Amino acid sequence: MSLATKYSPAEVEDKWYRYWMDHGLFHSEPDPNKEPYCMVIPPPNVTGVLHMGHMLNNTIQDVLVRKARMEGKEACWVPGTDHASIATEARVVAMLREKGIKKSDLTRDEFLKYAWEWRKKYGGIILEQLKKLGASCDWDRTKFTMDPDYYEAVIDVFIDLHKKGHIYRGLRMVNWDPVGKTALSDDEVNHKEVQSKLYYINYALADSDNQFVTIATVRPETIMADSAVCINPKDERFKHLKGKHVRIPLIDKIIPIIEDEYVAMDFGTGCLKVTPAHDMNDYELGKKHNLEVIDILNADGTLNAKAQIFVGEDRFIARKKIAKELEAKGLLAKVEDYKSNVGHSERTDAVIEPRLSLQWFLKMDVITKPALENVMNDTINLIPPKFKNTYHHWMANVRDWCISRQLWWGHRIPAWYAPDGTYVIAKTREEAYSQISNHILIEDLKQDEDVLDTWFSSWLWPMAVFDTTIFKGDANNKGNKDLNYYYPTNDLVTAPEILFFWVARMIIAGYEYRGKMPFKNVYLTGIVRDKQGRKMSKSLGNSPDPLDLIEKYGADGVRSGMLFSSPAGNDLPFDEKLCEQGRNFSNKIWNAFRLVSGWETHEGKIQDTDLVAIAWFESKLNQTLTELEDHFSKFRISDALLTTYKLIWDDFCAWYLEMVKPEFGKPIHKDTLLKSIDFFERILKVLHPFMPFITEELWHELKKRASNDCLIVAAWPKAKPVDEKIIKEGGFAFEIVGEIRNFRNGKGMSPKEPLTLIVKPGEQNLINSFWPLIGKLSNLKDISFTTSPVASATGFVIKTTEFFVPLEGKVDVAKEREAILKELEYQRGFLAKVEKKLTNEKFVNSAPPHVLETERKKKEDAEMKIKSFEEALGKLKE
RNA sequence: GGGAUCUUAGCUCAGCUGGUUUAGAGCACUACCUCGACAAGGUAGGGGUCGAGGGUUCGAAUCCCUCAGUUCCCACCA
């Protein structure tokens, strides 16, 4: 045999990927005669590099799309990238900093030029990496969220939603990232428990120098922005303070004491400093009580002139200095250690500053209605369904979406301001000018400096990848051919952490602009973790490089490795061992091929054993196909793979091939070989979605084929009727084989030593056609049948059939006795349990007949076995 | 604090509306095996009182309650 004993994936994988590409096998065009199957990729960040999360996610997508393609559907998987404004801008800024260039020294246009250069250089990397994985995307359709037409679509949507009254500009308390100098949505803020200090500060009463009110705060640097001190009106302790005023320490400003039940009496001192400009709750409180809003912070987190003191200092430095000064003046009553949850920027990790600013918002109340409804009524399925709860909770309590970001990289907000501060929404300066009635110069119009939130563009993804012209609010535009054919798409595979960021918003946009769901099924993958359960991340350095893994185990090995243990919605604790298992599986198949490809044929009479083996595997295969269909229909991808794995490794290799394998050097019957190749082809088909490369390779090795006869487009095998009887017989036969092998094993006998088997058939014995195969598989020189107990022979019992293996002088009586006694004990215990049930009148009266019958059968079987073991024990004494 | 989810062999998970031989799989583990497809392998084996405690029922891993823990989401009392 000239083929290597080990399969080497490297050349094979590159060869076939190129072949599929060259023959346009990933490309899809609308075909009215075929059912569409469409999926859009969750667009990775344009600056991204493939990580394990992408590997899992895209492997699942590729499995789904490859299966659909083989099922004869017009399968289209649209790839692309996301401009990811915050992440990309951060990368570009960092790159410029390395070159010694500050973003603040550049004009917007200069900066964008750098950004586009960066994008050109690194933007395609991740897509190239996906090719290594085997992703069968329609690369002709690759889309980018800042392609010119896509850009225009995003602006159209802004204009349209503004026209509909869903977008407004407002003063709102937003999460301000002083490092990124940008507002963040609530979702981009991580709350972390931080060890901080609670400062107890004395505020002197305005009309008295020696009477104080003590408040507790973690942010002494904001006292200069206080507008009031608040107490609970029910608080008996502070009755005397009602209507009075206090002086803010250090700046001596007089502020009122107000009353509100919002104040918790049992927390801190029961007195609250109210700082409307720098705290969400205080802002609300301030609105209610008409308090002055004093913003003492600059955009970068330093104190401004309104603070009066420590102007220009960073907020955290000012905190320390103020504490020190308070202490020096004896106004600091005490300091306690205190754990509190502090918001941090998801991107820069800076401590979030609640800040009032003018932002653009999308009203979510009306626009989200269909999106909530159609998930709750299962028009759109979330897989696993447990996410419905979370989804409902989020959608029912959704807040208006802050869609503006203080960045340059992104879709610039199409708002144009006149010098007097009024504004109009328009796509171009000219259009904007035409809407303005004031007498100003066109050059005086200034466009909003901000860009839109990234998700405000990616929420259009399932529509915009096909048609970017439908967002102008033009009811006559019904969309192009592609959109109408592929939309709604079928499945979306993504991570649960972006269920709201992205999935929910795509659903919202889908209903808003198409009146239809964007996809039917949302498969939520888990998070890939390392062995210690930590999320894989660049900073921890605990993520293997996917390309290294592919090199080491082959893409097929890594793909199956990822899927061996990843039920939907559950985290995947990744272990390289899984890839090794995948690689071993490739090798197993490779060697099965080596065996089959090495057989010479003869044309004599076909052996009966071959016919039995063929009939058995045919049924087993068909049974498995049905099982697979069930798994796939429920998106149980991991189970589908494991089912395929067992079909190939156990049923095909361990049983079928062993059954038909001729003695060494002898030929096989030509029909048996043909049938074996036919089986091989069918198992390659079902394995192809999981392991596309090795299966395509063997598909061509197995037979000479025309250049267009590729496995990737071969027809998915249909399940044919299953002969249940032969499956049962096979199962019984294999059980006997196992027992005989075990019998030898237990006695330290070589498998080469032939044995004699005497069978005493029991009541429901399956008289079957497998006897000669049993002989072949377990090396028996003779099988005979009897109706009476066999003296001086050891053996075993399956169901009610007894098997005897005569062994003259080779029996270790003591050991044998021990084994039988152990078995007897088990059976007696079992019998007792069953009898207890059967003598329970209530059970006999209420249990359904089929349950009763099984219990009776259990009893018979156990009694039979006990009898047999007792006999054997008796014989051993002799 | 509110909500959700989960807890089954060493690990990762199946086990649907309670009843099919005192719970299954893959991996890991143990023993034996270089037996001519494959040691990245073969053959066989050991391993779980189904998180804990109650309850319903003739019968509970499966239904109900309590508790403990896991993970996630939301809120964020200075």
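By convention in this document, chain letters (A, B, ...) are assigned in the order of the sequence lines, proteins followed by strands, and residues within each chain are numbered from 1. None of the values given here were measured: they were computed from a predicted structure.
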If you look at every strand shown and take non-hydrogen atoms under 4.0 Å, does [X] touch a base, only sugar-phosphate, or nothing?
X: A/Tyr645; answer: sugar-phosphate
X: A/Asn745; answer: base
X: A/Pro848; answer: base
X: A/Gly270; answer: base
X: A/Cys653; answer: base
X: A/Arg744; answer: nothing
X: A/Val342; answer: nothing
X: A/Phe564; answer: nothing
X: A/Lys6; answer: base
X: A/Gly746; answer: nothing
X: A/Trp649; answer: sugar-phosphate

Rounded off to whole Å, could you give me the [atom1]-to-[atom2] distance for the [X] and [N] pair?
X: A/Leu595; N: B/rG41; atom1: CG; atom2: C1'; result: 14 Å
X: A/Tyr262; N: B/rC77; atom1: OH; atom2: C1'; result: 6 Å
X: A/Glu627; N: B/rG15; atom1: CD; atom2: P; result: 13 Å
X: A/Trp394; N: B/rG2; atom1: CH2; atom2: C1'; result: 19 Å
X: A/Ile589; N: B/rA37; atom1: CD1; atom2: C1'; result: 13 Å
X: A/Leu838; N: B/rC58; atom1: CG; atom2: C1'; result: 12 Å
X: A/Asp235; N: B/rC77; atom1: CG; atom2: P; result: 19 Å
X: A/Asp279; N: B/rA78; atom1: CG; atom2: P; result: 9 Å

Hey, is the side chain of [X] poking within less than 4.0 Å of OP1 or OP2 on [N], counting only N and O atoms?
X: A/Asn591; N: B/rA40; answer: no
X: A/Asn584; N: B/rG41; answer: yes
X: A/Trp655; N: B/rU43; answer: no
X: A/Arg856; N: B/rU20; answer: no

What nucleotide among [options] has an atom nearest to a side-chain atom of [X]?
X: A/Gln581; options: B/rG2, B/rG41, B/rC27; answer: B/rC27
X: A/Asn281; options: B/rC77, B/rG3, B/rC58; answer: B/rC77
X: A/Ser846; options: B/rC58, B/rU21, B/rG26; answer: B/rC58
X: A/Lys661; options: B/rU5, B/rC58, B/rA37; answer: B/rA37
X: A/Ala654; options: B/rU22, B/rA78, B/rU43; answer: B/rU43

Spatial distance of atom SG (A/Cys230) from atom CD (A/Glu261) [nearest 0.5 Å]: 10.0 Å

Distance (rounded to the nearest 0.5 Å) between A/Ile677 CD1 and A/Trp599 CH2: 9.5 Å

Parallel, tilted or perpendicular: ring planes of A/Tyr656 versus A/Phe652, cut at 30 and 60 degrees: parallel

Parallel, tilted or perpendicular: ring planes of A/Phe732 versus A/Phe803, cut at 30 and 60 degrees: tilted

Nearest-nucleotide comparison on RNA chain B, the residue closer to the 5′ end among A/Ala862 and A/Lys646: A/Ala862

Closest-nucleotide ordering on RNA chain B, the 5'-leading residue of A/Lys822 and A/Asp639: A/Asp639

Report the base-pairing partner of [N] (Watson-Crick or G-U wobble, both distances below 3.5 angstrom), or none.
N: B/rC63; value: B/rG55
N: B/rU70; value: none
N: B/rG48; value: none
N: B/rC11; value: B/rG26
N: B/rU34; value: none

Qualifying residue for ring-ring contact (aromatic ring centres under 6.0 Å, His included) with A/Trp590, from A/Tyr7, A/Phe693, A/Phe680: A/Tyr7

Worked check of side-chain contact (heavy atoms from CB on, under 4.5 Å) between A/Glu259 and A/Phe238: CA-CA 10 Å; A/Glu259 297 166 51; A/Phe238 302 125; over 6 Å; no

Option among A/Lys857, A/Lys859, A/Lys858 that satisfies the side chain to side chain donor-acceptor pair (under 3.5 Å) test with A/Glu855: A/Lys858

Between [N] and [M], how far is it from one [atom1] atom to the other, in whole Å?
N: B/rA9; M: B/rG46; atom1: C1'; value: 11 Å
N: B/rG59; M: B/rU21; atom1: C1'; value: 16 Å
N: B/rG2; M: B/rA75; atom1: P; value: 16 Å
N: B/rC27; M: B/rU43; atom1: P; value: 12 Å
N: B/rU70; M: B/rU7; atom1: P; value: 15 Å
N: B/rA61; M: B/rG51; atom1: C1'; value: 12 Å
N: B/rC67; M: B/rA4; atom1: P; value: 14 Å
N: B/rU62; M: B/rC6; atom1: C1'; value: 15 Å

Note: A/Glu853-A/Arg856 ion pair, threshold 4.0 Å (strictly below): no

Determine whether any donor atom in the side chain of [X] lies under 3.5 Å from an acceptor atom in the base of [N], or the reverse, and answer yes or no.
X: A/Glu658; N: B/rA37; result: yes
X: A/Arg741; N: B/rA44; result: no
X: A/Lys588; N: B/rC38; result: yes

Any donor-acceptor N or O pair under 3.5 Å, side chains A/Lys273, A/Thr222: yes

